[in-house]
Protein chains: 2
Amino acid sequence: MARQAPAAEHDDIVESLVARMRAHGDRATPARRLLLQALADKPGHLSAEKLAAEVRARAPGVNITTIYRNLYELERLKVVDRTRPVHGPATYHLASAAHGHLACAECGTVTEIPGRLFASLASQASAQYGFVIEPHRSAVVGLCSGCRR
Amino acid sequence: MARQAPAAEHDDIVESLVARMRAHGDRATPARRLLLQALADKPGHLSAEKLAAEVRARAPGVNITTIYRNLYELERLKVVDRTRPVHGPATYHLASAAHGHLACAECGTVTEIPGRLFASLASQASAQYGFVIEPHRSAVVGLCSGCRR
DNA sequence: CTCTATGCAAATCTTTTGCACGAAC
DNA sequence: GTTCGTGCAAAAGATTTGCATAGAG
């Protein structure tokens, strides 16, 4: 339902995130709302440049610098996750449910997988190295089913 | 033993890798030998710039471009692995025994761990997504024991 | 001698920073 | 009215590319 209004569906998500920012003393600006909306609307992992394009579709004046500065702040607040693919610019997405990433070295595609697949690795890394892994920030490199052969 | 001649210890490794390159039609140049030697001598994960410094210690004229071009070729031949840390330039190291990486998001340290810790994740990624992971090319992000608290 | 590898300079791509002005509270 | 956010320009950092020449086979 509401197939014609995909953006509106995420208004509540955006507002709750704006509230979260304000709780940290950050102000609620149009550019921020639009950035959060772009992150909420687009399921995939987007680069700063792509996100800027999304924001500009509604507010043409927004500079890429603003996008970077807000992404940096959002990352600090753990609202968004930043992942670096094998090649090209870093990608960003809302820090949703626990999950990890499979990044294809060949085609660059990033696939989300449930965080529980990291359970075994997580317990061993913790026990043997005192290292606490954060799957949502990690990209495990390899070859996807399409590029495998 | 041979504590005073750490570089010489790896001469055979370097030569076998040079041979491997020649088998692919690549020529054996001084810059390449020195790059491979730097990779063999230094256990850690080094950036192109650091590797250039190592090479220049013995051959001052070598350009960073040459380093990048050779690293690209070595990566293609699967002689070296390339990993992208959370921040900063990509790092390179010899593709030795199967292993993975734990990259601390706080201090940037990269820790090598045995590839077998990825066994569970590997089998599930393969079974459920047809994705073949390559732990040696992957950096699992998190917090190291020192930065954890 | 032929073809690859390198040096050098310049371009490209991604991200960060300084500064002055405009907007949120 | 203060303080923070943004635009613009420029810088910085990392990597790639074009071209002429030096060097390996």
Side-chain angles (χ1 to χ4, degrees), chain A residues 15 17-36 38 45-53 55-56 58-77 79-80 82-92 105 108 139, chain B residues 14-15 17-36 38 45-56 58-77 79-80 82-92 105 108 139:
Chain A
E15 286 313 310
L17 293 175
V18 167
R20 196 155 147 193
M21 292 193 79
R22 298 192 58 167
H24 285 269
D26 294 322
R27 294 173 180 176
T29 67
R32 273 176 188 167
R33 279 206 165 77
L34 290 173
L35 175 58
L36 288 168
H45 298 65
L46 303 174
S47 66
E49 209 57 77
K50 297 260 190 204
L51 286 166
V55 171
R56 285 182 190 131
R58 294 184 162 220
V62 177
N63 195 281
I64 185 72
T65 302
T66 296
I67 301 297
Y68 274 111
R69 282 196 273 232
N70 281 319
L71 285 172
Y72 183 87
E73 176 66 6
L74 289 168
E75 187 189 3
R76 200 180 67 78
L77 299 181
V79 170
V80 309
R82 177 178 179 273
T83 308
R84 299 190 72 176
V86 178
H87 295 292
T91 58
Y92 304 81
Chain B
V14 171
E15 286 314 311
L17 294 176
V18 167
R20 197 155 146 194
M21 292 194 78
R22 297 192 56 168
H24 284 269
D26 295 321
R27 294 175 178 175
T29 67
R32 272 175 188 168
R33 280 205 165 77
L34 290 173
L35 175 57
L36 288 169
H45 297 65
L46 303 174
S47 67
E49 209 58 76
K50 298 260 190 203
L51 287 165
E54 287 298 321
V55 170
R56 285 181 190 131
R58 294 184 161 218
V62 177
N63 195 281
I64 186 72
T65 301
T66 297
I67 302 297
Y68 274 112
R69 282 196 274 231
N70 281 319
L71 285 172
Y72 183 87
E73 175 67 6
L74 288 167
E75 188 188 4
R76 200 180 66 79
L77 298 181
V79 170
V80 308
R82 177 178 180 272
T83 308
R84 299 190 72 176
V86 178
H87 295 293
T91 58
Y92 305 81

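Given the structure is predicted, the values throughout are model-derived calculations rather than measurements. Quick note on labels: first sequence line is chain A, next is B, and so on, each numbered from 1.
- Here OH of B:Tyr72 is found 11.0 Å from OH of B:Tyr92. Values are rounded to the nearest 0.5 Å.
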What pairs of donor and acceptor atoms, side-chain ones from residues 21-29 of chain A against any protein atom, are under 3.5 angstrom apart with sequence neighbours left out?
from    : atom 1 : to      : atom 2 : distance (Å)
A:Thr29 : OG1    : A:Arg32 : N      : 3.3

Checklist entry - Can you check side-chain contact (heavy atoms from CB on, under 4.5 Å) on A:Thr91 and A:Leu46, steps first, answer last? => result CA-CA 5 Å; A:Thr91 58; A:Leu46 303 174; 6.0 Å; no
Checklist entry - Stepwise, does the side-chain contact (heavy atoms from CB on, under 4.5 Å) test hold for B:Arg84 with A:Val86? => result CA-CA 7 Å; B:Arg84 299 190 72 176; A:Val86 178; 5.8 Å; no
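- Of all nucleotides in DNA chain C, those with any atom nearer than 4.0 Å to a heavy atom of chain B start and finish, going 5' to 3', at C:dC3 to C:dA9.
- A heavy atom closer than 4.0 Å to some atom of DNA chain C occurs in B:Asp26, these being the qualifying members of residues 17-26 of chain B.
- Under 4.0 angstrom from either OP1 or OP2 of D:dG5 there lies no side-chain N or O belonging to A:Thr66.
- Of the listed nucleotides (D:dG25, D:dG7, D:dT15), D:dT15 has the atom at the smallest distance from the side chain of B:Ala90.
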Protein and nucleotides 9-13 of chain D: nitrogen or oxygen contacts under 3.5 angstrom:
none

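- Both A:Gly88 and B:Ala31 lie near DNA chain C, and the one whose nearest nucleotide falls closer to the 5' end is B:Ala31.
- Side-chain contact between B:Arg58 and B:Arg33 is absent, with no heavy-atom pair separated by less than 4.5 Å.
- Heavy-atom minimum distance, B:Val80 versus B:Leu71: CG2-O, 4.0 Å.
- Regarding A:Leu34, its CG atom lies at a distance of 14 Å from the C1' atom of D:dT6, rounded to whole Å.
- Contact annotation: B:Tyr68 side-chain N/O to D:dT15 OP1/OP2 distance is under 4.0 Å.
- The two residues B:Ser47 and B:Pro89 have their closest heavy-atom pair at CB-CG, 3.9 Å.
- Take the nearest nucleotide of DNA chain D for B:Ile64 and for A:Thr29: the residue whose nucleotide is more 5' is A:Thr29.
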Checklist entry - Which is it for A:Arg82 and A:Leu74 under the side-chain contact (heavy atoms from CB on, under 4.5 Å) test, yes or no, and what are the steps along the way? => result CA-CA 10 Å; A:Arg82 177 178 179 273; A:Leu74 289 168; over 6 Å; no
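- Annotation: proximity of residues 47-56 of chain B to DNA chain D (heavy atom, distance under 4.0 Å) is found for no residue.
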Item to check | Evaluation steps, side-chain contact (heavy atoms from CB on, under 4.5 Å), between B:Ile64 and B:Arg56 | outcome: CA-CA 10 Å; B:Ile64 186 72; B:Arg56 285 181 190 131; 4.0 Å; yes
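- Heavy-atom nearest nucleotides on DNA chain D were determined for A:Asn70 and for B:Arg27, and the one closer to the 5' end corresponds to A:Asn70.
- The shortest non-hydrogen separation linking B:Ile67 to B:Ala48 is CG2-O, 3.7 Å.
- Here B:Arg32 lies in heavy-atom contact (under 4.0 Å) with sugar-phosphate atoms only.
- The shortest distance between side-chain heavy atoms of A:Thr66 and A:Leu35 does not fall below 4.5 Å.
- Taken from CG in A:Leu77 to CG in A:Leu17, the straight-line distance is 10.0 Å, to the nearest 0.5 Å.
- Under the side-chain hydrogen bond (donor to acceptor under 3.5 Å, both in side chains) criterion, A:Glu73 pairs with A:Arg76, not counting sequence neighbours.
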